[in-house]
Amino acid sequence: MNANLAATAQNLVRLAGAEFAYPGHADPVLGPVDLAIGEGDSLAVVGPTGGGKSTLLKVLAGLLPASRLGRLTGERLTMPGFRCGVVFQCPDDQIVSSRVWDEVAFGLRNAGLGEDAIRRRVSRSLELTGLGHLAEADPETLSGGQKQRLVIASAVALEPHLLVLDEPLAQLDPRGAAEVLAALAHLRAGRGTALCVAEHRLGECLADATRVVAVSEGMLRLDAHPAAPDAVNALSEMGLRMPVIVELARRVPSAWLAGVRDEAGLKAWAEQQRLAGSRRPDTCRSKPALRPKGPEALRAEGVTFRYARRGFGIENLDFSVARGERVALLGANGSGKSTLLGILAGLHRPASGAVRRAGRCGLTFQNPDAMLLASTALEEAAFGPRHAHRRSRHEAEARARETLAAVGLGSRMHEAPLALSRGQRLRLAVASVLSMQPDLLLLDEPTTGQDRRQLESLLTALGLACPTIVFSTHDVDLALEWADRAVVMAGGRILADGPPLQVLNDGPLLERAGLRSPAVLRLCAQLGLDPCGSLAELAERLEPGKADDTGGFSPRTVPEGRR
Amino acid sequence: MNSPAAATAVLDPRTKLLLLGLAGLWAVLLERPAALGLCAGLAVVALVLSGGRPGHILSAFAGLALAVWGFALTQAVFYQQAPRTPWVAWYPETGFWYRLLGEEGLAIYREGFGYGMTQGLRLVLALGSGLAVAFSTDASSLLAALRYYRVPFGIAFMAVTSLRFLPLLGREAAMAWQAARLRGFSPWRCAPWTSGAVAYSLLRPVLASCVRRASVIAASVTSRGFAPDDATSGAAAAASRASARTFSRLTAFAALLATAALLASKLLYAAYVHEVLYRSELRPLYEFARRWL
C-alpha cells in the first residue's frame, strides 16, 4: 500500500487508516492511524515506551513493511519524489564508514550522484551540522553528540523533505543534546525540512514543535499544538513527563487559568502578581535539609585508573558514600562517571589507591540488555542469590519472587527477559541486583529511555529496596529532586560535591562540566526567586497555600520512612 | 583499523585482496610442513607489520597459536592412518581408564602430530593473511576493492560492515561476562556443567544485541538508498577506478607468477604420480615438488 501518489498540495506524506502488523501476528501493533505531515511541520511524537512511536516513524519513512516483513493495510500516500531521512537512537549502530566524509557520502553514492555533486552536498551537510572541521576524522573518535550529528548529516545530505528521528537525544549528555537540537533547528530554518521527532525528553523536543502527536497502545491519541490545553491534559493522563513550565503552571491554579504555558507567559504572570521581586530566603523549604548520615558504606581514596587504549580514566580521586545517602554522579559523556561506578563495584582494578566497601555492592549497567542472561525473569533474578550467596534453587527463587514483586514484575516472572519492554528490562536488571540484597546500589544511567511513569515506578521500588544508592545521570532535574548529594565530574576528576541545590545552582561550574542548569532553577532565576529544590516548592512559593501538590516528580514519591 | 604508517598500507587494497586469495590457494595446494611454515611465517610477518593495535595483534597470535596447538594435539591423539609411530603410549590394564580407553590405550602419534601441524599452519596462513588485510585496510577501501573484483555489493557491504562491528560484539560479550561476574558467577567455583550453562547463556544478550543492531543498520542503510542488488550502489566506483601504484602492481604480478609456477609444479607432479605423464628432464622438478611442496 506504499503508493506514490499525490496526497494533497501541502502534504509530504499522509497515512489514511494505516495499520501495521508484524508477521505471525493477527493484531496490528499500529493503527488505524490517520496522519498527515506538511512542509515545514515539526512534529513531536510522544507516548509511553512500547506504545508504537517507532513503528509509526518507520511506517511514515516507508521502512515498514520491509521486504516480506509485516503487513501494512490502509494507505500511505506521498508527494511525487518524496524523500525521507531517518535517524535512530544509537549513532554507533548507524555509522558504517571509517571516515566522516565517507559516511555522509554513503547515501549519495547509493543514489548514483557524480563525484562533484557528492563533494558539494557532503560539504554543505557537514557545515550545516557543524562538522565541517571533522570531515577526515574517524567516527570512532567523535563524541556522542558529534556522532549523532554525523548521522543527521548523512540523512540531510540526501536533501530529504522529511527527517524522522527516533529518540535522537536518548544517549546524549546535555551539551550533545543541545548540539543536535541546534542542528535540527538550523536545518528546519535553513532548508524548511519537516521534522518528526520521537522523544521522551518532552521539554526539549516540544520547544520547537508545531504539533505534538501522542501514540499509545498503537493508536493516535492526540494531534494538536503543544500549548493547547487538550494536549497538556492528554499528555499528562498518559503519564508523560511534561515540560517543567507546563507542570509548574498546572500546579499553580491562577497561572494555569491565566493561560501560562511558556516561560515568557510565566514571567509576565509573575510580574503581574508582583512576585518577581519578592525574595523570601527564610521561607525556602529546600535549603539543604540533609538527613543525618549513617556510617560510611564505601570509601575510595586516591583512586587512579587509566584505560589501556584510551589513556584517560580517573585521576587521584577521593569519594565516599554514607549509608542511606543517594548520590547523583553528573557530567558530560566521557567524564568518568561509568568508570567510577565500575571501580566502586570492583569491576575495574585501580592502578593506585584503594576502595573500601562496608558491605555488598550491586551495579546495573547503562544497557540493561547486557545483563539479561537467563531464559525467564525468575531465573534472572535468582541468578545472583544462587551464585553469589550459594543459595539453593528454592531459596533463590523465593528471594527472586519477592524482588520481582517489589519492582512491579511479579506477573511477568515466567516471561523471557528480552521479550519485556525496555522499562521492564531495566527494572528486571535492577531486580537481578536487588535480589542479592546489596548494601549499596550503583546505577549507571537508569533514566535513559524511560518515560515518567516507568521512572517513578523504578525509583519508588529502589527507595524501598535499597536506601544507599549512587547513580549516574544526565538528568539534572532528577538529581535535584531525588538525590541528597550531587557530584559533578569532568575529565576523570570531581569538580564539585555537595547538596544538589548548591551544586546545580552554580552556572559556571555546570558550564565547565558540559551540563545545564535544572529547569526549576532556571525558572527561579528568571523569576528572581531564591532557588527551590523542587517544582512543588516553587509552586508553593508562587501561590502559597493554593498550589496543587499532585503529580510531577518529587522526593515524596518515595516514603520518607524508608529513605 | 588502519594506520598510515603500517608497512602493509603501501599496498593497494586490491593487491592485498589478491594476495589474500592467493594465500588461501597456497594453503590448499601446499602439503609439506616446511613450505607451509615458510608461508605461514610470511603471513605472521604481514600481521605484525599491519599496523593493527598491539592488543589486537597479540590476541590474534594467541588465537592462532591455540588453534595450531589444538590441531596438532587432537590429530596426534586420534590419528588413525598407517603408518603411525607412537611417541608416548599408555595402556591401562584394569579399572576406569581401561574401561574408558579399551585395549588400544592412549598414544600420541608422530605422524598425527605432523598432520595436525600441517592443518594448523594452513589455518595460520589463511587467517593470518586475512587479519593482516583487515588490520591494514580501512572499510571503504576494502569495499572498493571487493567491488573491483565484482563481488556483489550486498555481500561486499555485509562483509565490510561485519568487520566494523566485530569489536563492538567483543565489548558486548565482555559486558555480559562482567554482569555474570558481578552477580557472583565464577567458573572456578561452579561445577563444569554449570559453568558451561552460564557460558552458553552469555550468548543470549550478545545475539539479541546482534539482531537489534542488524535491524537498525538495515533500516539506516535502506533509508540512505542502499540496495544489495543495485549495480550502481555503493562506494565502489571511485576507488575501483583509481590506478594502483607500480609497487603494488609488481607485487601482484610476482604473486600471480609464483602461484602459476606452484600450480604447474603440483599438476606435473600429480600427473607423474598418477602415471599420466612422465618426462625425464622434469625429474628435478618432481624431486623438488615431492620434498618441498
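Owing to the predicted nature of the structure, the values given are computational and were not obtained by experimental measurement. So you know, we letter chains A, B, ... as the sequences are listed, proteins then strands, and number each from 1.
Using a 4.5 Å cut-off between heavy atoms, A:Arg390 touches chain B through its side chain atoms alone. With a 4.5 Å cut-off on non-hydrogen atoms, B:Phe165 touches chain A through its side chain but not through its backbone. Using a 4.5 Å cut-off between heavy atoms, A:Thr364 makes no contact with chain B at all. With a 4.5 angstrom heavy-atom cutoff, A:Phe383 touches chain B via backbone and side-chain atoms both. Heavy atoms closer than 4.5 Å to chain B are found in both the backbone and the side chain of A:Ile95. In this structure, chain B has heavy atoms under 4.5 Å from both the backbone and the side chain of A:Met371. Only the side chain of A:Leu418 comes within less than 4.5 Å of a heavy atom in chain B; its backbone stays farther off. For a residue to count as touching a neighbouring chain, one of its non-hydrogen atoms must lie under 4.5 Å from one of that chain's; by this rule A:Ala345 touches chain B with backbone and side chain alike. For A:Glu380, the parts lying under 4.5 angstrom from a heavy atom of chain B are both the backbone and the side chain. Using a 4.5 Å cut-off between heavy atoms, A:Ser375 touches chain B through backbone and side chain atoms alike.
The line from NZ of A:Lys58 to OG of B:Ser223 is 11.0 Å long, rounded to the nearest 0.5 Å. Here CZ of B:Arg224 is found 4.5 Å from CD of A:Glu103. Values are rounded to the nearest 0.5 Å. The line from CG of A:Asn367 to CD of B:Glu172 is 7.0 Å long, rounded to the nearest 0.5 Å. Of the inter-residue distances, the one linking A:Asp93 atom CG with B:Arg212 atom CZ reads 5.0 Å to the nearest 0.5 angstrom.
With chain A as the partner, the residue from B:Pro54, B:Ser186, B:Gly55, B:Ala180 showing the most heavy-atom pairs under 4.5 Å is B:Ala180. Put simply, of A:Val86, A:Leu347, A:Leu158, the one with the most heavy-atom pairs under 4.5 Å next to chain B is A:Leu347. Contacts with chain A were tallied for B:Thr161, B:Val198, B:Leu168; B:Val198 has the most, counting heavy-atom pairs under 4.5 Å.
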side-chain contact (heavy atoms from CB on, under 4.5 Å) evaluation trace for B:Arg204 with A:Leu372
CA-CA 8 Å; B:Arg204 196 170 278 126; A:Leu372 304 180; over 6 Å; no
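Taking the six-membered ring where tryptophan is involved, the planes of A:His387 and B:Phe185 are perpendicular, since the angle between them exceeds 60° and thus also 30°.
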